[in-house]
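Order of the sequence lines sets the chain letters (A, B, ...), proteins ahead of strands, with each chain counted from 1.
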There are 2 protein chains.
Amino acid sequence: MNRRPRTAVTLADVAEVAGVSKAAVSGVLNGKPRVAPSTAQRILDAARTLGYHANPTAQQLRSGRTNAIGFVIPELNRPYFGELATHLANQLDAQGQHLVIQRSGGSKEHELAAAQFAQLRRYDAVILSVLGVDPPDLESLGFSIPLILLGEKSMPGAHPQVIMDNEAGAHNAVTHLLTHGATRIVMLGGSHSPDRNDMTRRRTDGYRSAHCDTNHPLNEELIVELTGVGPEAGYHAITTLIDAGTPFDAVFAVTDVVAIGAMRALADAGFTIPGDVQVIGFDDITDGCYTIPRLSSVNPHKERIAQAVLDLIAEPETAPQAVTIPTTLTLRESTQR
Amino acid sequence: MNRRPRTAVTLADVAEVAGVSKAAVSGVLNGKPRVAPSTAQRILDAARTLGYHANPTAQQLRSGRTNAIGFVIPELNRPYFGELATHLANQLDAQGQHLVIQRSGGSKEHELAAAQFAQLRRYDAVILSVLGVDPPDLESLGFSIPLILLGEKSMPGAHPQVIMDNEAGAHNAVTHLLTHGATRIVMLGGSHSPDRNDMTRRRTDGYRSAHCDTNHPLNEELIVELTGVGPEAGYHAITTLIDAGTPFDAVFAVTDVVAIGAMRALADAGFTIPGDVQVIGFDDITDGCYTIPRLSSVNPHKERIAQAVLDLIAEPETAPQAVTIPTTLTLRESTQR
DNA sequence: GTGAAAGCGCTAACAA
DNA sequence: TTGTTAGCGCTTTCAC
């Protein structure tokens, strides 16, 4: 009478129909050649007839393995992460795994953290884009699965990490501007507080060092903090700057998305790009190839980042603790030649 | 000797330290007031001291519940899905659930389907953006969890669905163009084959009916099929059209992303927008507010779609089988007033 | 108010 | 070559 325990067909059902043990069914379905071909065929037939599908939850509880890699990102609608995720997913699909994406942001940071991090134990490994998460937080969570940090700056801790060379990238971009006629460069989305250790801060450091290395004066008023990460933040900040009468002849935006908002604000105010104002973004997203003018940008080499992450996952111990991926500068139409 | 079964702290460990049963621990941790306050406190202390985190896999196997909703989308770097996912995630976070995103596309469609759909059983419900999945496929998968279809056209089958009113949206957009000076409108990303039943086809239907209803002649040569879904596809198609000398005075693009590529191609060829050529896209993505000129678009009301999906998940049976969300037209700068 | 026991569906040892 | 057994870590009756 318990042929249908709930609604789904279980492995036990298949075993019963095929007249074999559950172990035999499990073996055949997982490609372990433990039984005679005739038995295997009988099992396969029974499974198909019943419409059996393995319960991944039970499989994981028993075997400890999933074929899923979690990727935790701060926002779901950011082109940079979308493109990076695509690279990761392509590689993982090819090796029979799959990528699963979750958002870490949302309303309150830490409230989510507690509940959400627990859920990450469902994955074989987790790629975590660190923003507000501090090392002590991570340790206190008692992470038992491989965790790869995708970050801005080397963080002390026991987890391997792939870090983008933010400072060098920003340095190159700003140096290019300074050596191509710019004297007053807005750092759009920069950071004034020296205690922060995030992407914003790292890129501002590069902005500063570029001025220093080329003996250009640096105006703190040109380092503009942003309240958001979307194009509207860049648009609003540039509009405010123009309205205030602050002169500038270039914009280095913390991300391409922000740069796109900035370019719109410049166009609305009647400035030409790159004639009146040059613009460089960061991330080299695809959208930048279709803006008017096409956006020059710091290319973080997402495909290399993805590869480095997967390598780190593949070789848990032997790999170096922190891999830094260098950036290059992609010049398009928003900067002077 | 089996105090540490593996590496993680289990509920049994907490029970032992607190000197209570596993049931008591489980109850307290799940907020079920079954024990005395003093006992509860002891359990909480023990859990914190040991750094206990519940194993979600085991919880699910036993209780059948996750707090995760799966969202399966065709590509990871499409703004429309990113924005829709953000709406869904915002709502779900607020009610203690979380959204998990996976890609259905990738290399081969059906090969993935088999392995991947099985994994979806890990979720309480799955929101599936249907593209190449046919109804028979779905049924054969023996889905045992609530499945919401997010689609273009009502599909026969047992699953509730939220459908975008593609045809009406396209009809409105094209009618606007036809009544504002356009006579030769390119349907960029249209479909010639009448047997398809996808988004492409639905929007082309609206394009056709708009011509018909307003007594405008329709040129099949202006219905251009695309090989991709990114801006490069729109860019390439428009460039080809211009090179071929095909005259046109408006473009209705199947998505905003394609429209953005088209606008770039028009600019490169020296056409003004909307003076020489008007452009309307579909999806009303945020990026459209920052293009030059700002992009007019069919607004599918993603927040309403998200709400409808969640309503359908919340009330499994009582809800209507298929909900259609109407679209509106958002006019910006890429069309004539 | 609390504990004991019975599994959820599966896999990995060990027996046969 | 195959079947039996013992759990993975948790929730949930049911007894006390």
**Report entry** Step-by-step side-chain contact (heavy atoms from CB on, under 4.5 Å) determination, B:Ser26 to B:Leu11
**Finding:** CA-CA 7 Å; B:Ser26 175; B:Leu11 190 146; 4.1 Å; yes
Query raised in the report: Is there side-chain contact between A:Met199 and A:Asn166, with heavy atoms separated by less than 4.5 Å?
Result: yes
Requested in this report: Check the distance between D:dG9's C1' and B:Leu50's CG and give it to me in whole angstrom.
Outcome: 15 Å
Query raised in the report: Roughly, in whole Å, what's the span from CD in A:Gln60 to C1' in C:dA12?
Result: 17 Å
Query raised in the report: Please give, in whole Å, the distance from C:dG3 P to B:Glu16 CD?
Result: 13 Å
Requested in this report: For each nucleotide in nucleotides 10-16 of chain D, reading 5' to 3', give B when a protein heavy atom comes within less than 4.0 Å of its base, S when such contact involves only the sugar-phosphate, and - otherwise.
Outcome: BBB-B--
Query raised in the report: Using rotation axes that map the C1' atoms of four end pairs onto the next four (five pairs an end), what angle separates the end axes of the helix from C:dG1-D:dC16 to C:dA16-D:dT1, to 10°?
Result: 40°
**Report entry** Reference residue A:Leu312; test side-chain contact (heavy atoms from CB on, under 4.5 Å); the match among A:Ile127, A:Val162, A:Leu149
**Finding:** A:Val162
**Report entry** Atom pair CZ (B:Arg48) and CG (B:Asp45), whose distance is rounded to the nearest 0.5 Å
**Finding:** 6.0 Å
Query raised in the report: Given atom CG of A:Leu61 and atom P of D:dA6, what is their separation to the nearest angstrom?
Result: 18 Å
Requested in this report: Please name all residues satisfying side-chain hydrogen bond (donor to acceptor under 3.5 Å, both in side chains) with B:Asn77, sequence neighbours left out, ordered by chain then number.
Outcome: none
Query raised in the report: Where do A:Arg103 and A:Pro74 come nearest, in terms of heavy atoms and distance?
Result: CG-O, 3.4 Å
**Report entry** Single hit among B:Glu315, B:Gln97, B:Gln91, B:His87 for side-chain contact (heavy atoms from CB on, under 4.5 Å) with B:Leu310
**Finding:** B:Gln91
Requested in this report: Just call it for A:Thr57: base, sugar-phosphate, or nothing, with non-hydrogen atoms closer than 4.0 Å on any strand.
Outcome: nothing
Requested in this report: Take B:Arg78 and B:Val229 through the side-chain contact (heavy atoms from CB on, under 4.5 Å) test and state the conclusion after the steps.
Outcome: CA-CA 9 Å; B:Arg78 306 237 303 244; B:Val229 291; 3.5 Å; yes
